Colleague: 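Sharing a structure below in structure tokens format, with a few things to ask.
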Amino acid sequence: MSKIDLTTSAGAPVADDNNSISVGPRGPLTFDNHYLFEKLAHFNRERVPERVVHARGTGAYGHFTLSKSLSEYSVADFLQKVGDKTEVFLRFSTVGGGQDSSDYARDPRGFAVKFYTRQGNYDVVGNNTPVFFLNDPIKFPDFIHSQKKNPQTNLPDPAAAYEFWANHPQSLHQMTILMSDRGIPLSYRHVHGFSSHTLSLWNDKGERYWVKWHFKTNQGIKTLTDEEAAKQPPFGAQKDLVDAINRGEFPSWTVKIQIMTQQQAETYHINPFDLTKVWPHKDYPLIEIGQLELNRNVQNYFAETEQSAFAPSNLVPGTGGSPDKMLQARMLAYQDAHRYRVGVNHNQLPVNAPRCPVNHYQRDGAAAGCPFGHGNQVQTSGANYYPNDRAGQGYPEPNPAYREPPMVLSNAVVDRYDQLSEDYYSQAGDLFRLMSADQKSQLTRNIAGGLSQANASIQERMLGYLHKADPEYAAMVKALL
Ligand code: NDP
């Protein structure tokens, strides 16, 4: 290999990278140490703010291969042709811990997929659980605070977590999944992924369908108990994924969807937009649509995984959102988080850059580049406003052919709606009832371990919710308490 000169960030060769310039061998440094200053100044700025949630993660590239055309439901370009391959980037994460926490927390796992389609990036930003603790985003900061470290001791605080859950029965279903044997995955390869939210697809007739995405692991579900997890190295899941891909043992997931028509949604006994609920498989069976495989590690963790910017608002023609309140808040919050963490031009970084041309009239901002990454972000000179008189001369114009069909809401009245009268118990009970005796025992022991640290009033309220889910569920936890 040929010798490579060390350079400054401006590309100038560096003669000495071991010694600063000083006034004599024992004297102070001088002001012409601009190379030293550059090094220290850059070092000071090596971190971007870590994500408040999902801080600890690992990502890899791969492909989604379509095995069933969805042309009946959607005009989305990447969902038309059987055999079509779309590049993806998938980031797994834990939720509550900071970057210095363990891969083996009892915590949901983030499962965020970026499909680099020919018509822009489509992000399905979900978890390894089909539901969530909340169905109104106004509670999200409170919920996360209650699961994070105690503000005074900076230690985990199970009593606070249960205090939140005791005041929010809508969390019961997700809490049951979290405390079950599936609460600590063995690795990121051994988890399912879910859009969790209800999303939508729309076709060339302007018909909209509600859809839930399921990514079923082909490696099988494998999990750890609390005792087993405590013995793992903190970075074990990251290592497992990187090593498996390096060995050529590419992890894969069978991709399935559930589909509901708008008409069905209107009369379904479950609110299909309530993120605390699943659509039971017997009502809406899973339809297999393809395979997702991860086969390429990142080259630089910070540049790619840390700066990857997933956003549920990254939609492409033929796809859309839904009235799910949590989804709508995330459509704002995720973009906002990336602007804060990575900057307004985060979509110009290679990991985030679409694999198709990007043409718009947004201008400037920190780190605006041309070319940057894939070289497809052109900040054209000339007209930087729309409309202009240069249509057909290389200046972009909106295309009405991509117009999303309207979302119909009947008899809607703008107000604040209390969702407390919802049934938050039946589906938690359904899950409990499908568990084996060993799974029930693990679940109830995990709950009793944390709940025993909360006060009597919290315990009583929690037992009340568990009883509504299934009397046996409550009795088992009560006996352990
Ligand atoms: P089904 O019997 O058709 O499906 C049960 C589902 O539960 C399967 O997907 C199974 O996944 C999954 N499961 C089993 N154990 C656990 C666990 N400890 N944590 C999370 N998921 C688990 O029943 P229904 O569709 O009627 O749903 C019954 C309950 O199953 C729901 O209330 C919900 O809690 C849970 N569930 C339902 C899902 C859905 O989309 N309908 C999705 C995931 C969970 P696997 O095939 O990998 O064993």
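On a predicted model such as this, the values are computed, not experimentally measured, just so you know. In what follows, every heavy atom counts, from backbone to side chain, and hydrogens, waters and symmetry copies are set aside.
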Colleague: What is the minimum heavy-atom distance between G321 and S200, and which atoms define it?
Modeller: O-OG, 2.7 Å
Colleague: Distance alone, cut at 3.5 Å: any donor-acceptor contact between the side chains of N314 and N121?
Modeller: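 Absent: no donor and acceptor within the cut-off.
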Colleague: Applying side chain to side chain contact (heavy atoms under 4.5 Å, CB included) to R109 and T94, what does each step give before you reach the verdict?
Modeller: CA-CA 5 Å; R109 298 297 185 268; T94 53; 3.9 Å; yes
Colleague: Does either side chain, that of T117 or that of Q119, offer a donor lying less than 3.5 Å from an acceptor on the other one?
Modeller: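 Their side chains do not contain a donor-acceptor pair, so the 3.5 Å distance test is not met.
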Colleague: How close do Q453 and P158 get, counting heavy atoms only, and between which atoms?
Modeller: OE1-CG, 3.6 Å
Colleague: Show the nearest heavy-atom pair for residues N388 and Y361, with the distance to one decimal.
Modeller: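 Taking every non-hydrogen atom into account, ND2-OH, 3.2 Å.
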Colleague: Parallel, tilted or perpendicular: which one describes the rings of F164 and H168, with boundaries at 30° and 60°?
Modeller: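 F164 vs H168 ring planes: parallel.
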Colleague: Do the ring centers of F215 and F194 come within less than 6.0 Å of each other?
Modeller: no
Colleague: Cation over ring, R296 on Y61, under 6.0 Å and within 45°?
Modeller: yes
Colleague: Side chains of D324 and S322: donor-acceptor distance under 3.5 Å anywhere?
Modeller: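 No, no side-chain donor-acceptor contact under 3.5 Å.
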Colleague: Please tell me whether N128 and Y188 have a donor and an acceptor in their side chains that are separated by less than 3.5 angstrom.
Modeller: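 There is no such pair between these side chains.
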Colleague: Can a donor-acceptor pair be found between the side chains of T198 and K212 at a distance below 3.5 Å?
Modeller: yes
Colleague: Side chains of D181 and Q442 only: does a donor on one sit below 3.5 Å from an acceptor on the other?
Modeller: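 Looking only at side-chain atoms, Q442 and D181 do not form any donor-acceptor pair under 3.5 Å.
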Colleague: Determine, for R56 against D107, whether the closest basic-nitrogen to carboxylate-oxygen distance falls under 4.0 angstrom.
Modeller: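 Looking at R56 and D107, the cut-off is not met.
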Colleague: List in chain and number order the residues that pass salt bridge (Lys or Arg N to Asp or Glu O under 4.0 Å) with E163, two or more places apart in sequence or in another chain; answer none if no residue qualifies.
Modeller: none
Colleague: Check the side chains of Q291 and N218 for a donor-acceptor pair under 3.5 angstrom, ignoring hydrogens and angles.
Modeller: yes
Colleague: Verify the distance criterion only: is there a donor paired with an acceptor across the side chains of H54 and R91 at less than 3.5 Å?
Modeller: no
Colleague: Is the cationic atom of K114 (NZ for Lys, CZ for Arg) positioned less than 6.0 Å from the six-membered ring centroid of F310 and within 45 degrees of its normal?
Modeller: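 Yes; both conditions hold, so K114 lies above the ring face of F310.
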Colleague: Going by the angle between their ring planes, with limits at 30° and 60°, are F64 and F78 parallel, tilted or perpendicular?
Modeller: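 Aromatic pair F64/F78 classed perpendicular.
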Colleague: Can a side-chain donor-acceptor contact be found between T8 and E38 if the only test is distance below 3.5 angstrom?
Modeller: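 No pair is found: no donor N or O on one side chain lies under 3.5 Å from an acceptor on the other.
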Colleague: Parallel, tilted or perpendicular: which fits the ring planes of H338 and Y334, with parallel below 30° and perpendicular above 60°?
Modeller: perpendicular
